[in-house]
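Working notes, beginning with the structure itself.
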Number of protein chains: 2
Amino acid sequence: MPRSSEDARYRMQIAALELFTKNGFEQTTAAQIAARAGVTERTFFRHFPDKREVLFAGQEVLSAALTEAIVQAPADLPPRAVLRRAFADVTPLLEGNRRFSEPRQHIIAANPALMEREVAKHAALAGVVADALQKRGIAPARAAFAAKAGLVVLGHALGLWFEKASQPLETCIAEAFKELDLFVSPAGDS
Amino acid sequence: MPRSSEDARYRMQIAALELFTKNGFEQTTAAQIAARAGVTERTFFRHFPDKREVLFAGQEVLSAALTEAIVQAPADLPPRAVLRRAFADVTPLLEGNRRFSEPRQHIIAANPALMEREVAKHAALAGVVADALQKRGIAPARAAFAAKAGLVVLGHALGLWFEKASQPLETCIAEAFKELDLFVSPAGDS
DNA sequence: GTCTATATGTCAGTCACTGACATAACGCAG
DNA sequence: CTGCGTTATGTCAGTGACTGACATATAGAC
């Protein structure tokens with residue numbers, strides 16, 4: 001009965017968010033989520049490869065947007081500048097999702113297994129960004145390094161952004177890049 | 001029968017390495033590892049909180065060594081220099097473990113769940129390093145950033161080291177730091 | 001030689017996840 | 001509007017990771 005696959009999927013995500021918030025991740029069983037969404041446990045696992053993944057759907061739009069922004073950047077820019085621009089390009093996307101990502105972040109931070117999945121997703125995103133940089137002609141090893149370094153910066157920016165509520169993300173990104181500069185060339189260093 | 005807890009633990013690690021290499025991680029059950037080590041499945045899970053963890057024992061010595069090296073570094077050094085020195089300090093430790101870490105890395109690279117645990121361990125190590133930097137008086141946010149950036153560099157160095165077999169690790173670390181400098185200040189940038 | 005702490009064995013149980021097969025709804029061709 | 005293939009779902013049985021409770025055996029202290 002393909003009544004609406006996306007509908008059920010969405011209901012499961014909402015149900016999971018609610019149950020995780022109320023009872024915690026480990027205390028919530030996949031069957032409970034499915035029941036609340038009006039489907040079977042088996043259906044849950046057909047939509048999400050595992051129980052954690054229900055919290056991490058929608059990452060593809062970010063990686064796609066980042067790839068697009070990287071590939072479309074002016075040809076002569078070095079990796080750092082490409083990433084700086086690309087991050088700025090995706091801020092609307094991230095800012096638009098803040099209402100969802102904030103409670104999500106609470107749930108994730110409260111559970112080691114979810115933290116593990118989160119850093120794994122970051123690593124995967126670094127892989128995607130590295131691929132995009134390679135399409136610009138950057139050598140693989142250099143692209144991989146730039147991607148990982150860039151994602152550390154973006155991660156730091158998001159951390160600042162979650163703390164200081166009212167600041168625009170763009171400001172936090174600028175600050176994070178300054179932090180990187182400071183790390184590499186500390187004030188008063190030889 | 002506390003005949004020798006460490007003995008059994010070691011036998012399980014060896015058994016796991018052998019079985020994972022031969023049959024793969026997913027195809028190997030915890031009961032099989034335990035049986036080969038001459039213990040029960042229950043005993044396996046008393047020594048390792050989960051099946052993956054049997055591959056990640058011994059990380060504490062690295063984090064302890066890094067912490068020690070960071071705390072002991074001269075007082076006036078900026079974070080980057082502290083980490084640069086600390087990484088150099090722990091090269092003997094890493095080089096001494098290469099015989100074990102190489103087959104391990106093969107197993108890990110072949111399985112997504114193990115990759116996930118690996119990046120989680122990296123993140124945990126970053127946390128430890130950040131704590132050590134804080135003990136030097138670095139502000140928390142700055143310490144956290146420096147730790148993550150530094151670990152990206154170390155990770156890149158280890159990557160180079162695993163590829164180019166005969167190169168000393170110290171050389172790879174130097175090269176990785178150069179890669180960082182180049183990322184921040186590309187040649188021919190304004 | 002008892003006594004205690006600790007490492008292990010045993011067993012039953014929960015839950016994440018999977019494969020195989022049946023079924024119902026939807027879109028489309030006729 | 002009727003038959004048909006595609007697709008999302010339900011059902012069911014099974015495996016394996018992991019846990020709690022309880023019994024037991026051993027090494028070492030005294």
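The sequence lines fix the lettering, A, B, ..., with proteins before strands; numbering per chain opens at 1. Just so you know, these numbers use all the heavy atoms, side chains as well, and skip hydrogens, waters and symmetry mates.
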Glu53(B) CD to dC18(D) P, straight-line distance once rounded to whole Å: 10 Å
Five-pair end axes of the helix from dG1(C)-dC30(D) to dC28(C)-dG3(D), angle between them (10°): 10°
Modelled atom types, side-chain donor and acceptor of Glu118(A) and Gln105(A), under 3.5 Å: yes
Cation-pi check, Arg142(A) onto Phe183(B) ring (under 6.0 Å, within 45° of axis): no
Geometric cation-pi criterion, Lys51(B) with Phe44(B): 6.0 Å, 45°: no
Asp50(A) (side chain) donor-acceptor with Glu53(A) (main chain) under 3.5 angstrom: yes
Residue-phosphate contact under 4.0 Å: Thr43(A) side-chain N/O, dT9(D) OP1/OP2: no
Note: Asp7(B)-Arg11(B) ion pair, threshold 4.0 Å (strictly below): yes
N or O in side chain of His47(B) less than 4.0 angstrom from dA7(C) OP1/OP2: no
Sugar-phosphate or base contact per nucleotide [nucleotides 16-22 of chain C; S, B, -; heavy atom under 4.0 Å]: SBBBB--
Show the atom names and distances, to 0.1 Å, of all donor-acceptor pairs under 3.5 Å that link a side chain in residues 149-167 of chain A to residues at least two apart or in another chain.
residue, atom, partner, partner atom, Å
Trp161(A), NE1, Gln167(A), O, 3.2

Note: Glu116(B)-Arg52(A) ion pair, threshold 4.0 Å (strictly below): yes
Rounded distance (Å) that lies between atom C1' of dT9(D) and atom CG of Asp7(A): 14 Å
Over-ring placement of Arg80(B) relative to Phe177(B), 6.0 Å and 45° cut-offs: no
